[in-house]
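In what follows, every chain begins at residue 1, and chains take the letters A, B, ... in the order their sequences are listed.
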Amino acid sequence: MSIGGSFLEIKEILMQAIQDAAEKAMAEDVFPAGELPEIVLEVPPKKELGDFATNFAMQSARAFHMNPRKIAEVLTERIHGSWLDHIQIAGPGFINFYLKADVLYDTLAQAMAQGSAYGKLPLKDVPKIQVEYVSANPTGPLHVGHGRGAATGSALVNLLRAAGYPVESEYYINDAGNQIDNLAASVNARYLEKFGQTVAFPENGYHGDDIIDTAARIIRKDGDKYLHMEEKERLTIFRELALKEKLAALKEDLAAFNVHYDVWFSERTLHPDAVREAVEVLQKNGNIYEKDGALWLKSTAYGDDKDRVVIRENGVPTYLAADIAYHRNKFERGFGTVINIWGADHHGYVCRVKAAMAALGYNPDHLKVLLLQMVSLYRGGELVKMSKRTGDSVTLAELIDEVGTDAARYFFIMRSLDSQLDFDLDLAKSQSNENPVYYIQYAHARICSIFRQAAETGLEVGPVPQLSLLTDATEIALIKKIEAYPEELERAAADYAPQRIARYVYDLASTFHSFYSQCRIMGVDQPLAAARLALVGETREVIRYALAILGVSAPDKM
RNA sequence: GCGCCUGUAGCUCAGUUGGAUAGAGCAACGGCCUUCUAAGCCGUGGGUCGCGCGUUCGAAUCGCGCCAGACGCACCA
């Protein structure tokens with residue numbers, strides 16, 4: 001028997017059956033006519049409570065003016081299906097569905113037959129989603145806070161893609177404005193210092209050692225070539241040299257962290273035309289006024305605390321003006337949803353950008369700003385102090401050097417975005433059972449080892465493994481966990497919650513480890529051995545899919 | 001003062017479109033290696049879900065008010 005579908009499809013069928021039954025009862029005047037509540041189907045907290053459960057009877061009790069258990073009875077009498085073993089009414093009115101065991105095995109067989117397609121959901125016919133993340137100023141190295149953004153952002157992109165959403169990732173390069181002038185002035189000061197000149201370091205300059213390195217590299221390459229030219233000219237040259245170098249360093253750091261972008265968007269391309277146009281549109285639709293010589297956006301009309309300057313008294317646009325032009329550009333490019341991942345320290349900025357989008361006539365709800373809470377590093381139980389101002393902070397490159405990309409990514413992703421992250425460096429480094437990354441990778445390596453052993457003894461999965469031989473509680477648990485993957489993908493993507501995948505793959509590894517200690521593969525009857533080999537093979541596939549979303553490697557050996 | 005996030009076991013955290021006896025890891029304690037990786041498994045103990053009031057058949061989850069911590073309140077980016 002096959003009901004021909006994935007776990008998600010079975011769920012659909014069951015939900016439809018509930019709805020049909022409810023409508024039938026309505027047509028028979030057993031239920032009063034009216035709106036049906038939304039049908040929610042969930043996996044019960046304990047396996048004794050069945051494969052699926054719905055709270056339909058309790059939800060509709062008030063509207064129907066009926067006892068929930070009576071509603072449940074009426075409903076269950078009208079639900080039939082060859083895939084259904086039995087139905088039970090439990091507790092205050094839960095309806096628990098117990099599926100025939102064949103459904104479990106058929107679903108697993110379907111998953112196996114799909115091959116790598118099981119790692120993805122079908123492409124959804126929705127407008128493209130853009131995810132912009134990190135977008136750190138190219139004025140210095142990335143630090144650990146950016147690391148969280150980088151890991152979370154790239155995992156979110158992978159997740160949305162796996163869940164069938166069309167996605168494009170983007171990095172916004174802040175290569176215009178004051179901070180780039182400060183970068184040039186800082187390099188200039190370091191450059192002159194190298195030639196023994198005493199210069200006042202720029203007030204808002206960058207103090208990091210990387211600036212000294214940049215100056216040193218310039219000298220190594222071009223010597224004193226820039227020493228005797230006019231400062232203005234030298235600054236212009238240094239601005240470009242430093243920017244190019246910083247950008248290359250950024251890309252290198254990110255690539256080493258398994259982070260890659262579809263689009264690198266330069267702020268400069270917005271100046272001056274796009275910025276002017278955006279302001280003109282706002283002027284035309286009456287959302288701009290002049291005061292004290294500056295142009296102000298009437299953002300309070302769209303929920304902001306105060307109005308914001310877009311063009312300064314001196315005629316120079318503010319950062320907000322460029323950001324308005326940038327976000328306008330995003331929507332003009334046709335994205336249906338625009339996701340920004342920002343550090344929580346920028347949360348005050350959300351309201352004004354959304355207000356600006358509303359003022360431009362876009363739906364501000366189509367701009368989703370995900371705020372990442374701050375990261376604290378702990379070493380030896382002590383908080384590692386960080387100071388951005390003095391440039392004395394732990395860089396992403398140093399972190400990767402210390403704990404590795406896999407551990408760093410997993411630790412950044414495993415917490416919800418809203419939670420402040422305590423990053424325990426010692427734990428991330430430890431190659432022990434305390435470290436969740438190793439626990440998961442170990443499961444994968446173990447399975448690979450099993451396959452190596454199986455190959456030696458000549459054991460193969462074969463074309464049609466008898467999956468119904470898998471009846472141990474740990475086997476059933478593992479099958480169910482594998483079959484939960486598509487729904488897990490769906491929910492994680494819908495919630496923009498890559499941490500759900502981190503948790504899922506941990507649970508999957510845990511379920512596998514339990515199975516492994518309970519059931520042998522080599523040394524049991526051949527059909528059972530083949531079925532078990534098929535099961536662990538599929539487990540390995542799903543571990544790979546999930547780790548790939550997280551950007552964490554799946555080693556064959558440990 | 002205003003805004004935003006957080007507060008769940010000794011520690012780090014899940015669970016928050018309201019559902020069944022609130023979960024996991026670590027730490028503590030007790031078991032399991034002559035057989036596929038013990039970087040593993042099994043078990044035990046551990047909770048006023050920050051506090052109070054409310055909505056509801058039902059609240060960790062929703063509302064209001066407190067308390068505590070973090071972050072932010074620029075013609076900086």
Atom-pair distance ([atom1] on [X]; [atom2] on [N]), nearest Å:
X: Gln441(A); N: rG40(B); atom1: CD; atom2: C1'; value: 15 Å
X: Met558(A); N: rG40(B); atom1: CE; atom2: P; value: 9 Å
X: Phe52(A); N: rA20(B); atom1: CZ; atom2: C1'; value: 18 Å
X: Asp472(A); N: rC42(B); atom1: CG; atom2: P; value: 12 Å
X: Arg503(A); N: rU16(B); atom1: CZ; atom2: P; value: 11 Å
X: Arg500(A); N: rG23(B); atom1: CZ; atom2: P; value: 17 Å
X: Met414(A); N: rA24(B); atom1: CE; atom2: C1'; value: 12 Å

Problem - Euclidean distance, Ile324(A) CD1 relative to Asn329(A) CG, rounded to 0.5 Å - result: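 Nearest 0.5 Å value for the CG-CD1 distance: 13.5 Å.
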Base, sugar-phosphate or nothing for [X]? Non-hydrogen atoms, less than 4.0 Å.
X: Gln499(A); answer: nothing
X: Cys448(A); answer: nothing
X: Ile450(A); answer: sugar-phosphate
X: Ser449(A); answer: base
X: Thr457(A); answer: nothing
X: Ile311(A); answer: nothing

Practice task
Salt-bridge test for Lys246(A) and Asp210(A): reply yes if a basic N is under 4.0 Å from a carboxylate O, no otherwise.
Solution key: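 Judged by the 4.0 Å cut-off on N to carboxylate O distance, Lys246(A) and Asp210(A) do form a salt bridge.
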Handout entry: Phosphate OP1/OP2 of rA77(B): any Asn178(A) side-chain N/O under 4.0 Å
Key =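 Indeed, a polar side-chain atom of Asn178(A) lies that close.
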Practice task
Nearest-nucleotide wise, let me know which of Asp507(A) and Ile95(A) is further upstream toward the 5' end of RNA chain B.
Solution key: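 On the 5' side of the pair lies Ile95(A).
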Exercise for the section: Would you kindly compare Tyr442(A) and Asp292(A) by the position of their nearest RNA chain B nucleotide and give the one closer to the 5′ end? Expected result: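 By nearest-heavy-atom nucleotide position, the 5'-most residue is Tyr442(A).
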Exercise for the section: Quick one: stems involving RNA chain B, counted as three or more successive Watson-Crick or G-U pairs, both distances short of 3.5 Å. Expected result: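 Only these stems qualify: B:1-3 with B:71-73, B:5-7 with B:67-69, B:10-13 with B:23-26, B:28-32 with B:40-44, B:50-54 with B:62-66.
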Problem - Reading 5' to 3' through nucleotides 67-74 of chain B, protein heavy-atom contacts under 4.0 Å coded B for base, S for sugar-phosphate only, - for none - result: --BSBS--
